[in-house]
Amino acid sequence: MALFGAAGPTWTKRADFNYGLWTKEDVNGLINPNNTNRLELFAKFGKIFPANENSVSAGHGAWSGNLQAQASPYAMAEGLKILRDNDLRDDLKKIAVPYLDPSRKTG
């Protein structure tokens, strides 16, 4: 089985899991501008992914930016907190078929 997910099993680096994208402090650096300067949040969050200004058409970029601007600041902050705090490694242990998990020696 292959598991595909942008945030799993945990999005943040931890003492026993160095595969996460960011530290918890880095994610806090996204939550703070969500409450004060959402355009800064969008710019910071966009730099996480390999896409850049030339990856999509100007129209698609504008459409995506409009969706981001219309999203609830509260919901965005809560989503970032979930990305920061969730650790699904115990859930992975419940899967009974072979799969690849970089945090385990076998899988």
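Start at 1 with the first residue, then count along the sequence.
- Using a 4.5 Å cut-off on side-chain heavy atoms (C-beta onward), R38 and P33 make no contact.
- Between R89 and D16, at least one side-chain N (NZ, or NE/NH1/NH2) sits under 4.0 Å from a carboxylate O, which counts as a salt bridge.
- In this structure K81 satisfies the salt bridge (Lys or Arg N to Asp or Glu O under 4.0 Å) test together with E78, sequence neighbours excluded.
- Using a 4.5 Å cut-off between side-chain heavy atoms of Ile, Leu, Val, Met, Phe, Trp and Tyr, with links allowed through other members, L88 and W22 fall into different hydrophobic clusters.
- Judged purely by atom type and a 3.5 angstrom limit, D87 has no side-chain atom pairing as donor or acceptor with the backbone of T10.
- Side chain of T12 to backbone of R84: a donor-acceptor contact under 3.5 angstrom is found.
- Cluster annotation: I82 is not connected to L80 through the hydrophobic network of ILVMFWY side chains, with a link wherever side-chain heavy atoms come within less than 4.5 Å.
- Using a 4.5 Å cut-off on side-chain heavy atoms (C-beta onward), Y19 and P9 make no contact.
- By the salt bridge (Lys or Arg N to Asp or Glu O under 4.0 Å) test, K44 pairs with E40, sequence neighbours left out.
- Counting only distance, with no hydrogens or angles, the side chain of N32 and the backbone of N28 share a donor-acceptor pair below 3.5 Å.
- Expressed to the nearest 0.5 Å, how far CG of D26 lies from CH2 of W11 amounts to 9.0 Å.
- One hydrophobic cluster holds both I31 and L39 under the rule that ILVMFWY side chains link at heavy-atom gaps under 4.5 Å.
- The distance from atom NZ of K13 to atom NZ of K24, rounded to the nearest 0.5 Å, is 14.5 Å.
- Of the inter-residue distances, the one linking F42 atom CZ with L67 atom CG reads 10.0 Å to the nearest 0.5 angstrom.
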